[in-house]
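Here the structure comes first, spelled out in structure tokens, and everything after it is commentary.
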Amino acid sequence: MNIIIYHNPRCSKSRQTLELISSRGITPETIDYLNHPPTREQLRNILKLLSMGPRDLMRKKEQIYMEKNLADPALTDDQLIDAMISHPKLIERPIVINGDRAALGRPPENVLEIL
């Protein structure tokens with residue numbers, strides 16, 4: 001089983017999700033996405049697995065979201081993905097991937113359905 005978690009160690013939900021996975025005897029591959037953001041291809045795949053559009057996976061309360069006017073409905077998916085790659089703190093967290101399934105750990109129990 002190759003479980004991946006896009007993790008921010010400073011985020012309580014991310015820490016709780018990692019702890020929940022670990023408590024099941026699983027050692028996931030942990031990616032500190034703030035320092036190692038996903039590539040365009042990886043982010044597109046994550047969005048597909050989550051059945052989400054780019055804006056659905058964005059942290060809308062982040063200052064950069066407002067500064068870059070990312071709520072503008074005229075922005076394309078590519079432009080939103082570019083913003084998330086350039087400013088990974090815009091990406092909602094944590095994201096857990098298990099093969100061809102993914103879940104957003106908000107709340108952490110969401111990931112149980114894909115383990």
Inset, instruction - Run through Leu80, Ile64, Ile85 and flag the one making a side chain to side chain contact (heavy atoms under 4.5 Å, CB included) with Leu90. - result: Ile64
Can you give each donor-acceptor pair under 3.5 Å made by side-chain atoms of residues 104-114, sequence neighbours left out, with the distance rounded to 0.1 Å?
unit_1: Arg106; atom_1: NE; unit_2: Glu92; atom_2: OE2; d: 2.8
unit_1: Arg106; atom_1: NE; unit_2: Arg93; atom_2: O; d: 2.7
unit_1: Asn110; atom_1: ND2; unit_2: Leu104; atom_2: O; d: 3.2
unit_1: Asn110; atom_1: ND2; unit_2: Arg106; atom_2: O; d: 2.8

Shortest non-hydrogen contact between [X] and [Y], atoms and distance:
X     : Y     : value
Met58 : Met84 : CG-SD, 3.7 Å
Tyr6  : Pro38 : CE2-CB, 4.2 Å
Ile91 : Tyr33 : O-OH, 3.3 Å

Legend entry - same_hphob_cluster(Ile3, Ile5) at 4.5 Å side-chain heavy-atom cutoff: yes
Inset, instruction - Determine yes or no for a side-chain-to-main-chain donor-acceptor pair under 3.5 angstrom, with Ser22 supplying the side chain and Glu19 the backbone. - result: no
Inset, instruction - For Gln79 and Thr76, indicate whether the former's side chain and the latter's backbone hold a donor-acceptor pair under 3.5 Å. - result: yes
If we only count heavy atoms from C-beta on, is the [X] to [Y] side-chain gap below 4.5 Å?
X      : Y     : answer
Leu115 : Leu20 : no
Asp32  : Asn8  : no
Gln63  : Met66 : no

Legend entry - Verdict with reasoning, Thr17 to His7, per side chain to side chain contact (heavy atoms under 4.5 Å, CB included): CA-CA 9 Å; Thr17 300; His7 178 59; over 6 Å; no
[X] side, atom [atom1]; [Y] side, atom [atom2] - distance, nearest 0.5 Å:
X     : Y     : atom1 : atom2 : value
Ile97 : Gln42 : CD1   : CD    : 8.0 Å
Leu18 : Thr30 : CG    : OG1   : 5.0 Å
Glu29 : Ile4  : CD    : CD1   : 4.5 Å
Ile21 : Ile26 : CD1   : CD1   : 7.0 Å
Ile81 : Leu75 : CD1   : CG    : 12.0 Å

Legend entry - CA sep, side-chain torsions, deciding dist, call: Asn2, Asn98, side chain to side chain contact (heavy atoms under 4.5 Å, CB included): CA-CA 6 Å; Asn2 186 26; Asn98 183 6; over 6 Å; no
Legend entry - Glu67 atom CD, neighbour heavy-atom count above 12 within 6.0 Å: yes
Under 3.5 Å donor-acceptor pairs involving side-chain atoms of residues 47-55, not counting sequence neighbours:
unit_1: Arg55; atom_1: NE; unit_2: Leu70; atom_2: O; d: 3.1
unit_1: Arg55; atom_1: NH2; unit_2: Leu70; atom_2: O; d: 2.9
unit_1: Arg55; atom_1: NH2; unit_2: Asp72; atom_2: O; d: 2.9

